[in-house]
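Here is the structure we will look at, set down as structure tokens.
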Amino acid sequence: MADLHQLQLPIVEVPVADLSWMFALPLWQREGRRFQVTPAAVAADPAAYPHRYRRVVSADLSWPIHCVEHAGRLVVLDGFHRLLQAHIRGHDLINGMILTAADLKGIS
């Protein structure tokens, strides 16, 4: 992630709704097992996921999320906690950096 955070890309406003499809994906760990918890589950039942919910509500929205366009839509690479917080707070937009394929190759 360090390479990703060192990219000097313009910050743009990204509609939260354009990324909300990702809330249904099991992105986070539970009990040491990867890909078990969806952001939607955390938002729907914070008490069931207290550690994850604390990370969401304490995320710093001043940092932009990182996205890349793939198959005609944006995909979040980094910033799911910030994105979910923006959604929970009712924000229409979130600051983001949009990477190109060349940017990805440069950091991989």
Side-chain angles (χ1 to χ4, degrees):
M1 286 298 163
D3 290 341
L4 183 64
H5 290 214
Q6 291 178 6
L7 290 174
Q8 299 295 316
L9 299 172
I11 297 173
V12 298
E13 291 184 326
V14 179
V16 172
D18 288 357
L19 303 168
S20 64
W21 66 273
M22 297 194 76
F23 294 150
L25 301 177
L27 303 170
W28 295 323
Q29 292 185 40
R30 184 165 196 183
E31 298 174 0
R33 292 179 47 221
R34 300 177 94 185
F35 310 116
Q36 300 298 309
V37 178
T38 67
V42 173
D45 190 2
Y49 309 97
H51 168 74
R52 188 64 57 190
Y53 190 72
R54 278 192 302 276
R55 287 195 61 192
V56 168
V57 298
S58 66
D60 185 352
L61 289 180
S62 69
W63 287 90
I65 63 172
H66 293 85
C67 303
V68 65
E69 189 171 329
H70 177 72
R73 64 181 173 182
L74 290 177
V75 177
V76 176
L77 299 171
D78 178 62
F80 289 105
H81 293 93
R82 287 167 274 159
L83 177 62
L84 185 57
Q85 183 188 137
H87 170 75
I88 290 169
R89 289 183 174 196
H91 295 200
D92 293 326
L93 302 168
I94 188 167
N95 286 335
M97 292 183 180
I98 312 299
L99 284 74
T100 64
D103 294 325
L104 282 179
K105 283 185 180 184
I107 63 171
S108 58

Indicate whether any N or O donor in one side chain lies under 3.5 Å from an N or O acceptor in the other, for Gln85 and Arg89. yes
When every non-hydrogen atom of Asp103 is compared with those of Thr100, the smallest separation belongs to OD2-N, 2.8 Å
Check for me, please, whether Met97 and Trp63 land in the same ILVMFWY cluster - side-chain distances under 4.5 Å, paths through other members count. no
Rounding to 0.5 Å, atoms CD1 (Ile65) and CG (Leu77) come to a distance of 9.5 Å
If you count heavy atoms of other groups shown closer than 6.0 angstrom to CD of Glu13, is the number above 12? no
Between Ser58 and Arg54, which heavy-atom pair has the shortest distance, and what is it? OG-O, 2.8 Å
Could you tell me the separation between the SG atom of Cys67 and the CG atom of Leu9, rounded to the nearest 0.5 Å? 11.0 Å
Between Tyr49 and Val56, is there a side-chain heavy-atom distance shorter than 4.5 Å? no
Rounded to the nearest 0.5 Å, what separates atom NE2 in His87 from atom CG in Leu19? 11.5 Å
For Pro39 against Leu84, the heavy-atom pair lying closest together: O-CD2, 3.5 Å
Here's a test for you: under side-chain contact (heavy atoms from CB on, under 4.5 Å), which of Asp18, Val14, Val76 qualifies with Ile94? Val14
Min side-chain heavy-atom separation Ile98-Leu74 under 4.5 Å: yes
Distance-minimising heavy-atom pair for Gln36 and Arg33: CG-O, 3.0 Å
Just to verify, what does Arg52 make a side chain to side chain donor-acceptor pair (under 3.5 Å) with, not counting sequence neighbours? His81
If you define the side chain from C-beta out and look only at heavy atoms, does anything of Trp28 sit under 4.5 Å from Val42? yes
Output for pair (His66 NE2, Leu104 CG), nearest 0.5 Å, gives 11.0 Å
